[in-house]
Amino acid sequence: DPDYRFDLDFWIGRSYQYGLEFDKALKYYAQYRDKLLAKPNYQGRDKVDLKEVERKILECNNGKEFVANPKNFSIVNLGREINSEFEDYAPVLTASEDEIVFTTRRRDGNLNENVYDDNKPYEDVFFASKSGGKWTRAKNIGTTVNTKFNNSNAALSADGKTLYLYNDEGNGDIYVSERQADGTWGVPEALPGLINSSYREESVSVSTDGDVLYFSSERPGGFGGSDIYVCTKDSKGEWAKVKNLGTKINTEFNDDNPFIDYDNKTLYFSSRGRKGMGGYDVFKATLLNPDKNEWSEPENLGFPINTPDDDIQFVSTKDGQRAYYASVREDGMGYQDIY
């Protein structure tokens, strides 16, 4: 029944796009676009705007190109020790790769027996360590870091001593917790300086020397959605100078989850804009001139790292041979998993 719902063709197109069947997706997106153009004054709740349809058509054409030229990567699920049947994401690791901290919405081990508005458990921060080349079963990081409500990690220093966290305060702020002498984590405190605002700050990455911090924010003055900013320390060692990374990195869409590599000049980030194939895609750019905030043209990491779904929170390893990130894939344990 073509009249069942005005935007039905659009959603059929979406499902084919998720399934990497781009030609079928393009056919349904084109049908929906024709319908939209034929009824320009239609204002029903089941309407998807033309701008979004055009973006999806662009993503499918990008997807066809990326899948036809796959890059040489193997994508491996971290397995049942780390992933659950719920969402598991935001992996951060020490430089030695023997400890992982991540966010999960699993029921097992969650500090809150109730559920969030979407009927799934609240976010909690979990951790695991590697022994004999294998991950131990992940455990809740504990009540000092986790509360009864949403708690998420954002970054871990290379030495594993400083944990950056996302907290719902002030529409979303970055907090920091220091590891104590006995190995436990200290009470998280709001990151001092100019990084937190009354708007949402969600993800963060710190250079290996600890003097430069990249973060995402929805504060005014950006280019649309969340933008990526850089903050440097002043002579007193305080976070004092904040700069938007500019249009080379940021788009009118959401740009998020920066990770500055161990060389302090390669930036990985996820974007819903640019030349993507759907959802968030992972991109890479190089810092050409720090004083002038000059970056190379961001490059899509391609297929199979990126998919038509969200591919986010990409962190590289010290030797540059591996990276960890969150993705939604066929071989997942359920929802989002860490790969």
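In this text the structure is predicted, and so the values were computed from the model without any measurement. Computed from heavy atoms alone, side chains included, the values below leave out hydrogens, waters and symmetry copies.
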State, to 0.1 Å, how close [X] and [Y] come at their nearest heavy-atom pair, and which atoms those are.
{"X": "Asn153", "Y": "Ala90", "result": "ND2-O, 2.8 Å"}
{"X": "Ala240", "Y": "Cys231", "result": "N-SG, 4.0 Å"}
{"X": "Ala138", "Y": "Ala128", "result": "CA-CB, 3.9 Å"}
{"X": "Val145", "Y": "Asn151", "result": "O-ND2, 3.6 Å"}

All side-chain contact (heavy atoms from CB on, under 4.5 Å) counterparts of Asp291, not counting sequence neighbours: Asn289

Just by distance, no angles: are the side chains of [X] and [Y] close enough, under 3.5 Å, to form a donor-acceptor pair?
{"X": "Tyr339", "Y": "Asp331", "value": "yes"}
{"X": "Glu201", "Y": "Ser197", "value": "yes"}
{"X": "Thr307", "Y": "Asp309", "value": "no"}
{"X": "Asp209", "Y": "Asn264", "value": "no"}
{"X": "Gln313", "Y": "Tyr280", "value": "no"}
{"X": "Glu123", "Y": "Tyr116", "value": "no"}
{"X": "Asp256", "Y": "Ser203", "value": "yes"}
{"X": "Asn257", "Y": "Ser216", "value": "no"}

Pairwise side-chain contact, [X] with [Y], heavy-atom cut-off 4.5 Å (strictly under):
{"X": "Ser96", "Y": "Lys130", "answer": "no"}
{"X": "Asn196", "Y": "Glu169", "answer": "no"}
{"X": "Leu165", "Y": "Val125", "answer": "yes"}
{"X": "Ile260", "Y": "Val212", "answer": "no"}
{"X": "Val115", "Y": "Arg107", "answer": "yes"}
{"X": "Asn110", "Y": "Asn140", "answer": "no"}
{"X": "Arg14", "Y": "Tyr28", "answer": "no"}
{"X": "Leu36", "Y": "Lys47", "answer": "yes"}

Please determine whether the number of non-hydrogen atoms from other residues, nucleotides or ligands lying under 6.0 Å from atom [atom1] of [X] exceeds 12.
{"X": "Glu189", "atom1": "CD", "value": "no"}
{"X": "Asp108", "atom1": "CG", "value": "no"}
{"X": "Lys284", "atom1": "NZ", "value": "no"}

Determine, for [X] against [Y], whether the closest basic-nitrogen to carboxylate-oxygen distance falls under 4.0 angstrom.
{"X": "Asp88", "Y": "Arg106", "value": "yes"}
{"X": "Lys236", "Y": "Glu238", "value": "no"}
{"X": "Lys64", "Y": "Asp23", "value": "yes"}
{"X": "Glu54", "Y": "Arg33", "value": "yes"}
{"X": "Glu59", "Y": "Lys56", "value": "yes"}

Do side-chain atoms of [X] reach the backbone of [Y] as a donor and acceptor pair under 3.5 angstrom?
{"X": "Arg274", "Y": "Asn300", "result": "no"}
{"X": "Arg55", "Y": "Gly273", "result": "yes"}
{"X": "Ser316", "Y": "Gly320", "result": "no"}
{"X": "Asn244", "Y": "Gly246", "result": "yes"}
{"X": "Thr317", "Y": "Arg322", "result": "yes"}
{"X": "Asn171", "Y": "Ser198", "result": "yes"}

If hydrophobic residues (ILVMFWY) are linked whenever their side-chain heavy atoms come closer than 4.5 Å, directly or via other members, who joins Met277 in its cluster? Leu20, Phe22, Phe66, Val67, Phe303

Co-members of the apolar cluster containing Phe86 [side chain, <4.5 Å]: none

If the plane angle is over 60° it's perpendicular, under 30° parallel, otherwise tilted; pick one for Tyr229 and Phe215. parallel

Measure up the Phe6 and Tyr32 rings against each other and bin them: parallel (under 30°), tilted (30 to 60°), perpendicular (over 60°). perpendicular

Single hit among Asp311, Ile312, Asp310 for side-chain contact (heavy atoms from CB on, under 4.5 Å) with Asp281: Asp311

Rounded distance (nearest 0.5 Å) linking atom [atom1] of [X] with atom [atom2] of [Y]:
{"X": "Trp135", "Y": "Glu81", "atom1": "CH2", "atom2": "CD", "answer": "11.0 Å"}
{"X": "Glu252", "Y": "Arg272", "atom1": "CD", "atom2": "CZ", "answer": "13.5 Å"}
{"X": "Phe102", "Y": "Phe127", "atom1": "CZ", "atom2": "CZ", "answer": "10.0 Å"}
{"X": "Ile338", "Y": "Tyr324", "atom1": "CD1", "atom2": "OH", "answer": "10.5 Å"}
{"X": "Ile228", "Y": "Ile249", "atom1": "CD1", "atom2": "CD1", "answer": "7.0 Å"}
{"X": "Phe126", "Y": "Arg105", "atom1": "CZ", "atom2": "CZ", "answer": "13.0 Å"}

Dump the intermediate steps for side-chain contact (heavy atoms from CB on, under 4.5 Å) on Thr104 and Ser84, then the final yes or no. CA-CA 8 Å; Thr104 180; Ser84 69; 3.9 Å; yes

From CA spacing to verdict: ring-ring contact (aromatic ring centres under 6.0 Å, His included), Phe149, Tyr122: CA-CA 6 Å; Phe149 301 101; Tyr122 283 87; 5.4 Å; yes

Using side-chain contact (heavy atoms from CB on, under 4.5 Å), reason through Leu156 and Thr94 one step at a time and then give a plain yes or no. CA-CA 7 Å; Leu156 183 65; Thr94 51; 3.8 Å; yes

Could you walk me through whether Thr232 and Asp211 satisfy the side-chain contact (heavy atoms from CB on, under 4.5 Å) test, starting with their C-alpha distance in whole Å, then the side-chain angles of each, then the deciding distance to 0.1 Å, before giving a yes or no? CA-CA 6 Å; Thr232 47; Asp211 287 341; over 6 Å; no

Worked check of ring-ring contact (aromatic ring centres under 6.0 Å, His included) between Phe10 and Tyr29: CA-CA 5 Å; Phe10 175 84; Tyr29 285 145; 5.5 Å; yes

Test side-chain contact (heavy atoms from CB on, under 4.5 Å) on Leu301 and Phe314; report intermediate values, then the result. CA-CA 11 Å; Leu301 292 193; Phe314 186 96; 3.7 Å; yes

